[in-house]
Amino acid sequence: MNLPLPPHGGVAQLTKRAVSPARAAELKTKADKAPRIRVSAADLSTVRRFGDGALTPLEGPMTQEVFNRVLDEEHIVVNGRPYAWGIPLSLPVTEEEKAALKTGEQALLVDEGGGLIGTLDVEDVFPWDKDNYNTKVYGTERTDHPGARIALDDPRQWLVGGKIHVFPWELDRSHIVEKYVFSPEETREKLRAHGWEAAIAFQTRNPLHRAHEYAMVYAVELLTAEGIHAGVVLNPLVGETKGDDVPASIRMQSYENLKVKRLLGQDDSDPEVWKKVPYELNDVFDLFALDIKMFYGGPREAIMHAIYRQNYGFSHIIIGRKHADAPYDDGTNIWGDFDAQEKFSALRGELLIQPINVGFAAYFEELGRVGLIEKYAPKGWKPVTVAGRILREQLRSGEVPDDRIIQRDTSQILIKAFRESQEAVSTAGVDSGGPQAVANLTWHHHSVTRDMREELNGHRGATLWFTGLSGSGKSTLANELAAALHEHGVRTYVLDGDNIRQGLNKGLGFSPEDRKENIRRIGEVAKLFTDAGVLNMTAFISPYREDRESAKALQPGTDQFLEIYVKADLAVCEERDPKGLYKKARSGEIKSFTGVSPDAPYEEPENADLVVDTGKMGLKECVLAVVELLRERGIVSGEKLTGVAASSTAKEKAHV
């Protein structure tokens with residue numbers, strides 16, 4: 001077999017909808033006044049998979065005709081031929097967004113923070129029949145399961161389809177997850193470099209126990225025994241999953257350890273297979289991650305998992321028991337254990353990638369390793385098993401599971417990661433409630449969403465993070481701006497440093513550690529205000545770049561967190577000294593005073609969104625500079641901002 005496999009849909013090349021930086025700039029200018037569609041964090045990965053070709057041959061979200069064909073017939077049509085497709089993909093939109101869209105025109109796509117991520121040539125806008133969607137995708141009218149809730153908990157009732165143009169994005173290669181995320185093109189090149197005749201993908205969203213590992217061992221040994229130079233790739237899904245799944249960042253630590261230490265199949269491989277070839281099992285093992293969300297769609301999602309992997313160049317995919325499965329809330333199964341495997345024998349369109357079916361596996365004392373239950377249980381041998389739920393509880397509680405279930409290296413990494421997560425919560429002042437408390441915390445998505453709150457407010461929520469020396473004018477500027485915006489119907493709130501330290505942060509001092517915690521807490525509060533659709537302004541010295549960057553990282557998105565450096569020379573601040581603090585610091589009455597004490601430096605921003613020099617600019621001029629920034633970033637409409645300057649209570653020549 002020639003690797004990599006051709007893309008799905010009978011096309012010769014990947015359908016990549018990403019545009020060049022130059023084209024992106026052109027599209028941004030052209031679509032500057034176009035209506036905006038906000039893409040959820042879960043769907044952002046889908047948009048980027050349109051961009052890099054993982055969803056070949058699609059050119060964008062599906063129109064109603066294609067969407068319904070997939071629901072009813074489980075295939076798409078390309079050049080008159082059917083190709084398998086399990087779950088339809090269109091972009092959800094709000095009622096307000098839908099009203100602004102027109103077929104034949106463009107829309108701007110933005111992420112949850114308002115950052116521009118692409119454009120869409122609108123071809124169709126249609127109602128989202130969620131009952132029909134759930135019934136067809138999941139094969140049941142019951143809705144008490146995670147898959148159904150994905151659609152039902154989404155307040156958006158409309159879908160849009162059309163050709164997409166995706167703006168360039170960057171990955172953080174220092175991050176444990178993103179360092180292993182590769183595009184289909186990059187993956188294909190890596191498979192070529194391996195020189196394998198067959199490449200097997202293993203899909204998972206869970207930490208690996210030995211039975212999981214054995215699925216990979218079994219698959220690659222099956223082909224190797226047939227004389228095929230095959231490799232196997234652990235290809236975990238790292239997009240959005242449900243709240244009780246183990247986070248990708250924790251899982252990836254264990255996956256990486258498996259690869260780096262060459263532990264795959266330790267004590268569970270068949271030596272008879274490997275002594276016949278000039279390489280070892282771990283020589284043909286690799287790790288790539290796939291960033292796309294889970295649907296918990298069982299057999300239909302198994303088709304999608306296969307399509308993704310074919311587009312990434314794989315020749316085979318492992319289909320195990322309960323593939324992409326999530327039961328009803330009462331614990332009963334939606335599908336049979338091997339329904340996903342059976343789905344591949346009744347596909348309703350072409351799919352080139354080949355499934356390798358793997359059954360139940362477990363450790364057998366008599367065998368001394370893991371093996372297939374279907375092979376060894378008939379001999380009267382008893383498997384050593386444990387429910388996945390119990391295994392997760394053991395790991396989260398710090399209990400080392402049976403080594404016959406999960407490799408000790410893997411369990412220790414997971415226990416350490418869970419413990420560190422728990423300690424982080426405890427350090428933040430949260431009552432841990434016992435060793436399993438962190439594992440039992442789930443972020444609840446409410447019926448009233450940020451989009452709905454912003455629609456009611458008539459503007460976006462965002463954090464304006466004013467930073468600068470004491471006396472630079474942070475609070476004065478924030479309050480003047482808030483008053484001017486409030487007069488024109490903008491919901492604002494000022495989070496002032498002195499006020500916060502008298503309540504939420506009461507008890508924190510001015511040591512580097514306490515300063516760090518002070519900023520961490522206010523960063524979390526600001527994030528909540530942004531989610532509430534409020535334009536919040538923080539007036540804190542926040543002297544350390546690292547802490548400001550950490551606060552910004554809580555609110556991903558280009559225009560959701562704006563750092564505004566309120567600049568003033570130290571001499572100017574000392575001359576103002578509105579609270580008499582500099583005088584006390586110089587006399588030694590106040591220790592560790594920012595900008596004065598050697599142990600309390602102020603680190604100027606390196607990439608602030610705006611710099612206002614209050615030593616040279618009047619208050620009104622500073623307010624207008626921030627107003628213009630809000631206009632440029634699309635946070636507040638020009639209509640609301642009209643007249644703000646005129647209504648400002650500042651005097652033209654007044655200094656902060």
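Positions are given from 1 along the sequence. Side chains included, hydrogens not; waters and symmetry mates left out as well; all remaining heavy atoms used.
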> Any ion pair linking Glu74 and Arg69 (charged N to carboxylate O, less than 4.0 Å)?
Replying inline: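 Result for this pair is no, no salt bridge flagged.
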Is there a donor-acceptor contact under 3.5 Å linking the side chains of [X] and [Y]?
X	Y	value
Asn206	His212	no
Glu221	Trp274	yes
Tyr180	Glu256	yes
Gln266	Glu213	no
Thr135	Asn132	no

> Does any N or O in the side chain of Arg23 come within less than 3.5 Å of the main-chain N or O of His165, such that one atom is a donor and the other an acceptor?
Replying inline: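 No, because the side chain of Arg23 does not come within donor-acceptor range (under 3.5 Å) of the backbone of His165.
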> Can any side-chain N or O of Arg205 pair as donor or acceptor with the backbone N or O of Val238 at less than 3.5 Å?
Replying inline: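 Checking the backbone N and O of Val238 against the side chain of Arg205, no donor-acceptor pair under 3.5 Å is found.
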>> Could you check whether any side-chain heavy atom of Thr187 comes within less than 4.5 Å of a side-chain heavy atom of Phe314, counting everything from C-beta outward?
In response: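 Yes, side chains in contact.
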> Do Val166 and Thr119 come within less than 4.5 Å of each other through their side chains, counting heavy atoms only?
Replying inline: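 Side-chain contact under 4.5 Å: no.
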> If you count the non-hydrogen atoms of other residues, nucleotides and ligands that lie under 6.0 Å from CD in Glu73, is the total more than 12?
Replying inline: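 Yes, enclosed.
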>> Does Lys382 qualify as a cation-pi partner of Phe364, given the criterion of NZ or CZ under 6.0 Å from the six-membered ring centre and within 45 degrees of its axis?
In response: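 Relative to the ring axis of Phe364, which defines the angle, Lys382 lies outside at least one limit.
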> Could Arg49 and Tyr308 be counted as a cation-pi pair, given that NZ or CZ must be under 6.0 Å from the ring centre and within 45° of the axis?
Replying inline: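 Negative - Arg49 is either too far from the ring of Tyr308 or too far off its axis.
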> Using the ring of each side chain (for Trp, its six-membered ring), is Tyr133 parallel, tilted or perpendicular to Trp128, with breaks at 30° and 60°?
Replying inline: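 Correct class here is perpendicular.
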>> In terms of relative ring orientation, are Tyr218 and Tyr214 parallel, tilted or perpendicular, with 30° and 60° separating the classes?
In response: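 Taking Tyr214 first and then Tyr218, their aromatic rings sit tilted (interplane angle of 30° to 60°).
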> Under the criterion side-chain contact (heavy atoms from CB on, under 4.5 Å), which of Arg142, His145, Lys322 is the partner of Ile334?
Replying inline: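 Testing each of Arg142, His145, Lys322 against Ile334, the sole residue satisfying side-chain contact (heavy atoms from CB on, under 4.5 Å) is His145.
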> side-chain contact (heavy atoms from CB on, under 4.5 Å) with Pro4: which of Arg192, Glu189, Lys190?
Replying inline: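 Single pass found, and it is Arg192.
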>> Using every non-hydrogen atom in the two residues, find where Pro7 and Val11 come nearest and quote the distance to one decimal.
In response: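 Scanning both residues, the minimum pair turns out to be CD-O, 3.7 Å.
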>> Checking Trp85 against Leu58 for the side chain to side chain contact (heavy atoms under 4.5 Å, CB included) test, could you report, in this order, the C-alpha distance in whole Å, the side-chain angles of both residues, the deciding distance, and whether it holds?
In response: CA-CA 11 Å; Trp85 203 278; Leu58 299 187; 3.5 Å; yes
